[in-house]
Each structure stands twice: as structure tokens, then as C-alpha cells.
*Asks:* 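Have a look at the structure that comes next, please.
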Amino acid sequence: MLNYQQLRSTLIAADISATAENMAALVAGTEQWLQELAAALPASGMALVAVGGFGRRELVAGSDLDLLLLHEPKLASEAAAVADKIWYPIWDAGLKLDHSVRDVAGARALAGNDFKVILGLLDSRVIAGDAALFEKLRSSALTDWRASAPKRLPELFEDVQARRQRVGDIAHLLEPDLKDAYGGLRDITVLRAIAASWITDFDHATIKPAGAKLLEIRDALHRVSGRPSDRLTFHEQAAVAALQGFANDDALLREVSLAGRAIAQASDLAWYRVQRQTVRRGIRRLEPRRDRRPLADGVVEQNGEVVLARDVEPAADPTLFLRVAAAAAQAGLPLAPHTVSRLAAEYRPLPVPWPSHVRNTFVSLLGSGPALLPVWEALDQAGMLTQWLPHWERIRSAPQRNALHQFTVDRHSIETVVQAATLTREVDRPDLLLVGALLHDIGKAQGPGHSEIGEKLIRQIAPTLGFGVRDTEILATLVLHHLLLAEVATTRDLDDPATIKLVADAVGTIETLQLLRQLTEADSKATNEGIWTDWKAKLVDYLVKQVSGLLDGGTISQTESFIKRSGMLDMAPNDIVVAKDASGIVVRICLTDRVGLIAHVAGVWALNRLEVVSAEFETLGGLAYQEWLLRPSFGEHISETELTEALQRGLADAQQIANQVASLHAPRQSRRGFKPAPTRIKVLPNAATNAAVLEVRAHDEPGLLYKLCQQIAAAGFNIVAARISTLGSEVVDAIYIQNADGGMPTQPELEALTLKIQAITD
């Protein structure tokens, strides 16, 4: 008889690296030993079956043996005696045993009520005995599972989500659970169950090596720790890394993270497709949807996934990948894997520096809330992030040796962006807040002083993204001082003038201080639960108030007339000048002023699927001067002649514009539970001497500017000037209004107008 204990001791010695070959030898030796123990089985009517991990031929140092003694109903009494002859030698060998004795009907009944049982049976195989009896169980178990899967998979999904909430994501934890964390070994088992249901499948070629790597590391952990623990703790990481041949424990955690990310991404997509194909109540399958809904230029939704429009050639448009990603995140939809693969295969580098429309698309991607996470992960797996942001590679899956942090550096950065997306209404430049959140820790994993390293890097990165000198300086300040407010607020005397001057000198401007305040909150919330407390928020806000007083911050105001600045004084009434440049379509207009004029023009743009990137308006001597920067949202680019004719038609029939714009609908925003922050409307006191200034911050949507200006006109006010900005998907507008007689609106009038705007924009 095989000396199994000696074989096992040799193969799981603490100083032997865990390899696939060693694990295969352990499985083979265990099978041979069990076959010898199963010599007492009768010639037919009984079988010894491996289930679970052993059924998958996955045995590591601390694994249990999962065994089922299957028997015909008539052999129930005999099976108990046979089981004792097999189980007791296993226990005597000091092994943990998860065992059961069932007939086919009993095993099927138990599987119908217990996910652990059905998942184990789906991975089962016969070790010894009646193979035909085993095949009867296996085929019936598969048939039962496929029949019940539309009902049971949603229940399994809830179980997976509860585990994910409890344990976390393996890819981003600093002490990951290799088995139970989301993206771990248990989720590969779940993926196999989904595939066995025939509802959808997953990429086996990607998942197989990821699972093999986690299994080897789990084996090494059991050897090092001497116990069947699956949590890779800090004090065991160095020893596991050494046993597995990694350069250090950081390299080990990176490998775990990369494997977990691949598994999690496959799981996310599989579960999304399951939910598309099943109905929680009614237990029926849905017919595939074949409609294609436009999302952006060259981008459509089909069957609940984001794909390319027909006849689109990715190689001809280097900005397409970024546009696809932003459209998917804003719509809360996954990227179709074949679309990602095709875009990656045909990828061409973005122009450097990035044109403004490319940068705005990137900011729109960042501002999509939690829907950013799966899209960003798909981009990362496709290798796009390091194409766009080469320095990202240094923080990708990089662990943090800081007890406060719960995530790897890159995931913490993305969590900070998600938190910042809820704070964009608080700043004048949401684009700088979101990009600053993304890159605030870009200097980590490159030595001590990550803030200083990050500042130097951001001065290289920001210009490539198309930011000018002033914006680059602001971003550099945010990165250099992203810890400043929290540290000073909690450690210094906030009434000491020296403290206030220290912070004021560091930030320089009220705009930077405003951005730093929101970045501080986003960074804290993304670090760990409980870091951003009411107490800390009050201290930071008090510090910001003190520093603001010293900096004597101002408000949005008109300085030099944009008419003079843009050279439009020479334009005659009814002049329309259209030109195209790298930023988009520039339209300059001079028209006789009238109530609702800006709304009508904005309605023309909305109906022709033109996005307003920025605009400035001013009235002078009864003439309305308007300068618009537009960009097609999708579809064919409109010519200068077509645009001029569309504008002239629209101005001639304002009622038709109103009717058509009313039928516009914003794209469906499923966003997986994320809802953009409410529209914020503020009346800025003392911002202008002869007009009231409304500051409007909102999430962009088709026809938004039309609805806003139409509401102002309907309330009887004139828009005498405005500055319109769309930064990513966030609108920041300053609108100067007067009464019909040219006077200043009263406070009650402004309050009533604010409520009406709020009602039509939320």
C-alpha cells in the first residue's frame, strides 16, 4: 500500500515552493491512496466521489478532502459500514474530511436547497466504484441546475454580493483573502456554475492562469503559516513571497491583485449578462435585444452593452477608445469585451498635447461616479491606462504599507475620483478636481516623499493632457499639498496667524483652496471608513474659512468686455460667422436682442446634436453678441452652411424649437445606484453692479441650456451677459440677468426663479 503520509509530508514541506506539478502529484497520490481504501466497495451500486476542490484536482497544503459515498437506495445499510472503512483511515492520517453518504435522490434533494452542495457536485468526479451510478448523479445534477438556474442565480448573486461586502475585493485589499474575497478562488467556482447553466460563459483562457497563480500562493501560505488560513496577512507576506520566488512582498501582492482583477472583471461581466437574461420573478428567459441606441459619435448600446457603431474604423480615430469608455461610464453600461479587444488591437496613440475635446471626454469619464469602476477596470485590463497615462504603471496594483489604507494605490486613486464626483458642485473647476483626485498619489511606489515626487510628475503629465500653464500650476499645488489641510486642521492652532499664513502661502489662491478642500474630503473618504468624521470636517472647514479671509477671495465677475476681447464690435446685425478649428465649431452671432433669444439659439444646437463646450454672451446697444464653441455629440459633423441655415430656420420659428426640444430626453442613466449631485443654483451677491448673477452647476444633458434660458425668459428676465462652461459632464454657468426694464431683480423674484430652475433641471 502507498505510504500516503510520507508522500504528503514530502510534497507539502514548508521549504518547497508550491507549484502546479507538486499539487498535481499530491492529487494523484491522494487518488491512489483513496482507491486503495475503497477496495471494500462492491462491484456495483456504490461509488466514491470527489467533490469541490478535490473534484477540480485542486489540493493545497491545508485543503480538506471533500468526499461523497454514493450508493443505490437498496445498499443504504451496507454503505454506512463501507464509509467507516474509508473515513477512519483518513481521520487517522490527521486529515480534515468533509464527507457525506447519499443516494442519488438524496444528493439531488440536498443540492436543490444548498448552494455549497450544488457547486460541489458541478465539480465532482468519480474516484473509485460504479462510474455509471456517478454519471447518473452528475447528469441529473446538471439538468436540475440548468432548469432552476434562472431562479437560483439571482439568489446566488445576492450571496456573492453579501460576501463581497463582508470580505472586500481581493485585487485592492492589503491583506486579501485568497479564497473568499471577490475575485478570489471561490468566484472561479461560481463562474463555472454560471457557465454550466448555459445562460452565459466567461473567458476561460484568461481565468485559468489567474486561478492557478492564486492556488499556488494559497498553497505557499498554508505551508508558511502551518494552518489552513486563506488571509494573506502582513506578517506572512514576506515569507510567502520568498517561497514563491518573488522579489519582495510588494511584488507578491501585485501578482495577487492582477490575478484577482482578471477574475473580478470576468465575474462582473458574467453577472451583468445573467441579470440581463433572467428575471427574478417569473423564472423566464428574455429574448436578446437587437436595438442599437446611439450614445456618442461612433458609439451605441446593443443588448445592454456598449459597442461600436457600424462602419466605424478604430484605426482612423485615435480618440475613439476614450469616447467609448466615457459613453459607457456615463450610461452605466459595461463595455462589450469584443469591442475592447478590437479597440486595443487597433489602438493608435492620442495626439499630444490632448485637444480640449479629448480632455473633456476624459473628464466626463472621471465624473461618472461608481459606474467608472468597471469601465476603468476594463481599460486597465486592455492596457489602455498606461497608454494614456504612462506613469500609471508605477501605482498599478501597488500595495500601501499604511494601516489607515484599505486599498492598493491605484484603486484608492479611483475611489478618490468616485468620491470627488459627488463634490463637483462645490468648485468652479470640476475638471481640475477630478484630475487632481486621479493623480494625487501618482508619486507613490517610487520612494519616500510621494507628494514631492507627484508634484514633479504632474508638471510633466498635465501639459500632455492639454492643460495650460495656470491649470498645471494648480494641479501641481493640489498634488504637493493634498495632505496639508487635514494635517494642519488636526495638529495646529487654527487661530494662530502663522498657521493661517502657512496654508495661504502654500495654496496661493482662493480657487486652489476651494479645490484642495474638496480633494481633502474625497481622499479621506476613499482611504477608509471613518477617516472623514464630522469633527475633522468642522476643523478643515474652519481652517478654510480662516485662510479664505486672508486670501480675500472674490466671486465671478465681468472684467474686460468679451465683445472687445473677441473682436466682435465690427459685426453687423444678423451676422453669423461659423468656423472650425481643432477645438470644435466656433459660432459668432450678432442679432437684435429680444427676450428668449439665447434659449432659441441653444435649442437649435440641441436639436442638431451639438454640445455646448463654452459660450459667452453680452448685450450692447440693443444688440446681442454671442460666441459659442460647439462639438457634435455623435453622427455626421454638420457643415458651416448647414449650421447657419439651421440657426436661421430656428430663429424664424421659436415655437417649433420649443416643441421639438421638449421631446428630447436625456440618455438613460442607470449608473448602478449612482445619482449625480442635485443641480445647485446660487445668487452671487455683489458680483455685478447692474445685474443679478446666477451661478448654475448641473450635470449636462440634451437641451439643458435651452431649458435654463427659457425658464429665465418665461419669468420675465433678460439675460444681459453669460459665461457658459461644460467641463466633462459638468456644467458651470454664470448668467447675468435684469428685469424687463433693465433694473435689478428683487430678492423674492430671484428666490422664485431659483426654485423654478431647480424644478426643471433635477
Side-chain angles (χ1 to χ4, degrees), residues 1-13 16 18 20-108 110-111 114 116-117 119-139 141 189 215 218-219 222-223 226-228:
M1 176 177 280
L2 173 71
N3 189 334
Y4 178 69
Q5 287 177 291
Q6 181 178 351
L7 172 67
R8 183 179 177 85
S9 297
T10 300
L11 290 174
I12 65 172
I16 296 179
E21 291 77 12
N22 279 348
M23 285 185 280
L26 181 59
V27 170
T30 303
E31 281 189 37
Q32 181 184 343
W33 180 54
L34 290 174
Q35 286 164 355
E36 293 174 352
L37 295 178
L41 290 176
S44 64
M46 204 174 295
L48 183 63
V49 178
V51 298
F54 187 30
R56 295 189 297 273
R57 293 184 170 84
E58 296 174 355
L59 280 185
V60 297
S63 291
D64 297 350
L65 284 182
D66 295 332
L67 296 171
L68 163 66
L69 184 60
L70 186 66
H71 61 85
E72 294 279 12
K74 63 184 179 182
L75 298 179
S77 58
E78 184 179 345
V82 172
D84 287 345
K85 293 179 181 179
I86 300 174
W87 303 159
Y88 276 100
I90 296 173
W91 288 323
D92 290 342
L95 300 180
K96 292 184 178 180
L97 175 64
D98 189 346
H99 61 91
S100 59
V101 180
R102 308 273 179 205
D103 59 19
V104 172
R108 290 178 66 183
L110 192 61
D114 190 328
K116 182 181 178 182
V117 175
L119 294 178
L121 286 179
L122 292 175
D123 288 326
S124 60
R125 60 192 176 88
V126 67
I127 298 294
D130 191 338
L133 179 63
F134 164 72
E135 285 302 324
K136 180 180 179 182
L137 171 63
R138 178 170 171 77
S139 62
T189 302
L215 197 62
R218 183 185 181 218
D219 192 11
H222 288 187
R223 297 167 188 268
R227 63 185 189 279

*Asks:* What's the shortest heavy-atom distance between Trp87 and Ser100, and which atoms?
*Replies:*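 Smallest heavy-atom distance, with atoms named: CZ2-O, 3.9 Å.
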
*Asks:* How would you list, by chain and number, every residue that makes a side-chain contact (heavy atoms from CB on, under 4.5 Å) with Asp84, sequence neighbours excluded?
*Replies:*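 In terms of side-chain contact (heavy atoms from CB on, under 4.5 Å), with neighbours along the sequence ignored, Asp84 is linked to Tyr88.
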
*Asks:* Between atom CE of Met23 and atom CZ of Arg218, what is the distance when rounded to the nearest 0.5 Å?
*Replies:* 10.5 Å

*Asks:* Lys116: which residues meet the side-chain contact (heavy atoms from CB on, under 4.5 Å) condition with it, sequence neighbours left out?
*Replies:* Asp98, Asp114

*Asks:* Can you label the angle between the Trp91 ring and the His99 ring as parallel, tilted or perpendicular, going by 30° and 60°?
*Replies:*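 Plane angle over 60°, so perpendicular.
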
*Asks:* By side-chain contact (heavy atoms from CB on, under 4.5 Å), which residues pair with Pro73, not counting sequence neighbours?
*Replies:* Asp103

*Asks:* Side-chain contact, heavy-atom cut-off 4.5 Å: Arg108 with Leu137?
*Replies:*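 In contact.
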
*Asks:* Can you give me every donor-acceptor pair (side chain of residues 119-135, partner residue at least two apart or in another chain, under 3.5 Å) with its distance?
*Replies:*
residue	atom	partner	partner atom	Å
Asp123	OD1	Arg192	NE	3.3
Asp123	OD2	Arg56	NH1	2.9
Ser124	OG	Leu121	O	2.6
Arg125	NE	Phe54	O	3.4
Arg125	NE	Gly55	O	3.0
Arg125	NH1	Glu31	OE2	2.7
Arg125	NH2	Glu31	OE2	2.9
Arg125	NH2	Phe54	O	3.1
Asp130	OD1	Ala132	N	3.1
Asp130	OD1	Leu133	N	3.1
Asp130	OD2	Gly45	N	2.9

*Asks:* Is there a side-chain contact between Leu34 and Leu67 (heavy atoms, below 4.5 Å)?
*Replies:* yes

*Asks:* Does a side-chain heavy-atom distance below 4.5 Å link Val117 with Val51?
*Replies:*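 The answer is no; the side chains never approach within 4.5 Å.
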
*Asks:* For Met46 and Ala79, work out which heavy atoms get closest and say how close.
*Replies:* CE-CA, 3.8 Å

*Asks:* Do any pairs count as a salt bridge (Lys or Arg N to Asp or Glu O under 4.0 Å) and have a residue in residues 85-96, sequence neighbours left out, and if so which ones?
*Replies:*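 For residues 85-96: none.
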
*Asks:* Are any of the side-chain heavy atoms of Leu75 and Val82 separated by less than 4.5 Å?
*Replies:*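 No, too far: nothing below the 4.5 Å cut-off.
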
*Asks:* Applying side chain to side chain donor-acceptor pair (under 3.5 Å), can you list everything that pairs with Arg102, at least two apart in sequence or on another chain?
*Replies:* none

*Asks:* Mind checking whether Leu37 and Leu48 have side chains closer than 4.5 Å, heavy atoms only?
*Replies:*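 A side-chain contact is absent here, since even the closest heavy-atom pair is not under 4.5 Å.
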
